[in-house]
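In what follows, a single structure is set out as structure tokens and then discussed.
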Amino acid sequence: MRERIVSEDDFYRALAAELGCPFVAAPHLSSGVRYPDSILAGLAPMAGRKARFVAAPRGRALADLLKARSRRQLAITTPTKLREAAFEAQSPLIARRAAHDLADKAPQLATDVSYGQIAVLFVVLTLIVFGLGFAPGLSTGILGALMGPLFLGMIVLRIAAASLNNPVEPEEQELRIEDADLPVYTIIAALYREKRVVARFLEALTRLDYPVAKLDIKLVLEADDRETPEALRSIEVPGNVEILIAPPGGPRTKPRALNVALPLARGRYTVIYDAEDVPDPGQLRLAISHFAEAPPNVACLQARLTIDNTDDTWLTRLFTIEYAALFDVFNPGLADIGSPIALGGTSNHFRTAVLRTIYGWDAWNVTEDADLGIRLARLGYEVKDLPSSTLEEAPGTLRLWMRQRTRWMKGYVQTAVSHTRKPWIMLRQLGFWRFSGALALTWGTVLSALVYPLFTGLYVASWLQEAEQFPDMRWTAAFNAYALTLFVSGMASVFIPACMALHRRKLWRLMPWLLLLPLYYGLVSVAAWRGLWELAIAPFRWNKTSHGLARTSRAGLVQKHQAKPAVTRSVNTAPP
């Protein structure tokens with residue numbers, strides 16, 4: 001069936017005939033159906049029929065059923081129909097678990113940003129702005145003394161990461177594991193209005209160097225999405241792809257959709273991809289090899305994200321530089337030194353059992369990836385680097401980029417506030433050095449973005465005129481030396497990782513664009529202030545990034561997909 005040699009419907013009708021059991025095309029389940037157990041077991045109680053149970057067995061369960069002597073009061077259906085019936089019977093429960101499982105079972109780790117906390121943050125930032133306006137020298141000195149250690153921590157992390165050798169490709173050839181020894185691997189992708197890229201995404205998955213029968217691919221769609229199901233009906237969907245419709249409910253976020261699929265994951269490992277992703281064909285095999293060599297507390301491998309549509313606009317060129325510095329230099333370096341890592345939103349490979357143990361993703365955090373990375377560290381797990389690339393599409397216009405970055409910065413504030421509600425607990429969990437790294441990755445990212453243009457302007461101005469607020473020349477010299485140290489080392493922490501990244505990616509043609517990085521991070525600052533405002537008025541709004549708009553491709557992947565003949569096996573994408 002996964003090779004599309006036989007359709008699911010034909011196979012289970014033949015199985016029903018072989019067993020002498022009725023085939024039920026649209027099973028109606030009783031309230032006793034259990035989620036996800038009934039779906040995973042392929043067995044659920046029926047309602048209002050002579051048969052007490054309906055079965056859609058797979059693997060060993062199918063073999064056992066063929067050997068069983070008694071099959072009375074049993075009906076047969078397909079796994080797809082059984083899953084859809086279970087979703088219909090348990091829709092409120094599924095929606096509740098996807099949204100609230102983490103908060104219900106581990107509230108101390110869940111996103112919890114109150115309006116009081118937001119008000120305090122706004123008051124503090126307002127005082128900073130007024131202080132810088134009325135007493136810039138004194139205010140800058142005080143703020144520099146308070147925030148300097150945090151910013152210096154970020155600077156040290158970035159420069160230390162750049163000094164470590166982390167090539168883009170594996171240095172040694174990995175031993176190829178035999179297909180029979182490979183475990184089932186689950187792929188989850190949350191799609192919403194992705195008609196432009198869904199065909200290319202499925203094509204990319206078919207290129208993965210992994211046995212088709214051992215790929216458990218789950219596409220999670222929203223109930224009000226009409227264009228993605230229409231696009232899926234016009235192409236040939238691989239036989240190992242399941243279409244899940246997330247039950248209606250809030251919040252309407254990507255992590256909630258991922259939580260719908262996680263309980264149904266059959267793989268020993270689970271990877272998350274976005275709709276526009278094109279992963280390296282050997283990425284899953286490489287992840288298997290790295291997990292096999294890693295200790296059990298390594299819960300996640302972060303693959304390298306790289307921009308495909310680099311030459312679309314000036315913004316995509318700068319985005320390419322930023323991603324190269326982050327995923328080819330900074331994150332691999334953090335993994336080497338044992339620091340917590342704020343994960344990227346895609347190409348994260350997990351041990352499925354660990355992901356379930358920590359209750360999946362926080363549905364209320366709009367940068368669920370960064371939150372999950374910090375949560376893994378707090379619970380004693382580690383994230384390591386996976387030297388395998390996934391091509392991504394960057395937003396090519398300032399409007400799209402700003403919407404995406406506003407969401408990211410809003411989520412970083414959520415993550416920073418939520419994980420430092422009780423800092424003494426976090427300190428005990430992480431130890432001093434990892435705790436400092438977590439603060440630099442969360443609060444350091446947020447505060448540096450918020451004050452970057454203010455501090456930069458004041459630091460430059462302080463060197464153009466005498467600091468009258470400090471009549472004692474010794475204090476003036478100390479202040480200027482401190483300001484110069486922060487300014488120069490801060491610029492070094494931006495440019496050194498970027499240069500190293502472009503060297504590793506062999507993207508030397510982008511070197512002239514490095515001069516625009518200060519301007520680019522000025523835009524990040526604007527997005528940070530927008531994110532802070534949006535946190536107050538719409539904390540859980542998900543600013544979706546539009547895909548399929550790329551005009552260029554470094555890998556020659558921009559193409560228009562023609563509709564293919566309808567699939568031989570119908571794909572039911574209607575909401576259950």
Side-chain angles (χ1 to χ4, degrees), residues 158 161-162 168 196-197 200 254 273-279 302-332 342-348 366-367 369-370 389-412 445 448-449 452-453 493-528 530-531 543-558:
R158 291 181 65 86
V168 174
R196 297 188 191 94
V197 295
R200 194 189 81 169
K254 171 186 170 182
Y273 288 131
D274 282 344
E276 81 278 19
D277 286 356
V278 180
Q302 170 70 71
R304 312 283 185 89
L305 305 183
T306 184
I307 300 303
D308 182 44
N309 60 322
T310 298
D311 294 317
D312 272 14
T313 65
W314 64 273
L315 199 55
T316 56
R317 291 181 177 91
L318 293 172
F319 205 125
T320 300
I321 297 172
E322 180 189 26
Y323 256 38
L326 176 61
F327 290 101
D328 293 324
V329 175
F330 189 47
N331 280 354
L343 294 173
T346 177
S347 300
N348 304 316
V366 295
T367 51
D369 38 18
S389 298
T390 296
L391 293 172
E392 287 235 299
E393 178 187 341
T397 67
L398 186 58
R399 182 181 67 84
L400 293 176
W401 181 92
M402 189 61 71
R403 281 172 53 84
Q404 181 189 68
R405 194 55 59 104
T406 297
R407 170 170 60 82
W408 289 1
M409 297 309 299
K410 177 172 67 173
Y412 263 88
T445 299
S448 64
Y452 162 69
S493 72
V494 169
F495 287 105
I496 291 175
C499 291
M500 290 297 300
L502 295 183
H503 172 70
R504 291 175 186 176
R505 282 282 169 189
K506 296 180 173 56
L507 290 172
W508 301 291
R509 62 187 176 83
L510 295 181
M511 286 290 184
W513 293 91
L514 291 174
L515 299 175
L516 290 182
L517 282 180
L519 171 63
Y520 183 77
Y521 286 108
L523 294 175
V524 172
S525 182
V526 174
R530 281 170 51 94
N543 296 329
K544 180 186 167 2
T545 305
S546 298
H547 302 128
L549 304 175
R551 295 185 288 106
T552 64
S553 171
R554 287 163 51 199
L557 292 169
V558 175

Stepwise ring-ring contact (aromatic ring centres under 6.0 Å, His included) test for Y520 and W513: CA-CA 10 Å; Y520 183 77; W513 293 91; over 10 Å; no
From CH2 (W401) to OG1 (T406), nearest 0.5 Å: 8.0 Å
Test log, rule side-chain contact (heavy atoms from CB on, under 4.5 Å), inputs L515 and F495: CA-CA 9 Å; L515 299 175; F495 287 105; 5.6 Å; no
Atom pair CZ (R403) and CG (L398), whose distance is rounded to the nearest 0.5 Å: 12.5 Å
Distance (rounded to the nearest 0.5 Å) between D328 CG and L507 CG: 9.0 Å
Heavy-atom closest contact (A498 atom, L514 atom, distance): CB-CD2, 3.6 Å
Side-chain heavy-atom pair S389, R505 within 4.5 angstrom cut-off: yes
Check: T397 and L315 side chains under 4.5 Å, non-hydrogen atoms: no
Test side-chain hydrogen bond (donor to acceptor under 3.5 Å, both in side chains) applied to R158 - qualifying residues, sequence neighbours left out: none
Gap between atom CD of Q404 and atom OG1 of T545 - 0.5 Å precision: 4.0 Å
Heavy-atom pair of closest approach, residues A325 and A501: N-CB, 3.4 Å
Trace of the side-chain contact (heavy atoms from CB on, under 4.5 Å) decision for L400 with L549: CA-CA 11 Å; L400 293 176; L549 304 175; 3.7 Å; yes
Where V168 and R304 come nearest, the two heavy atoms and their spacing: CA-NH1, 3.6 Å
Shortest non-hydrogen separation from A449 to M409 and the atoms involved: CB-CE, 3.8 Å
Spatial distance of atom CG (D308) from atom OG1 (T390) [nearest 0.5 Å]: 11.5 Å
Residue list, side-chain hydrogen bond (donor to acceptor under 3.5 Å, both in side chains) with E276, at least two apart or on another chain: H547
Approximate separation, where rounding is to 0.5 Å, of S553 OG and D312 CG: 9.0 Å
R200 bridged to E393 by N-O distance under 4.0 Å: no
Short side-chain donor-acceptor distance under 3.5 Å, T320 and R554: no
Side chains of R405 and F319 in contact at under 4.5 Å (non-hydrogen atoms): yes
Beyond-backbone contact of T316 with T310, side-chain heavy atoms, under 4.5 angstrom: no
Y452 to G522 - nearest heavy-atom pair and separation: CE2-N, 3.4 Å
Heavy-atom pair of closest approach, residues G344 and N348: O-ND2, 2.7 Å
Partner of L305 by side chain to side chain contact (heavy atoms under 4.5 Å, CB included), out of D274, L391, T346: T346
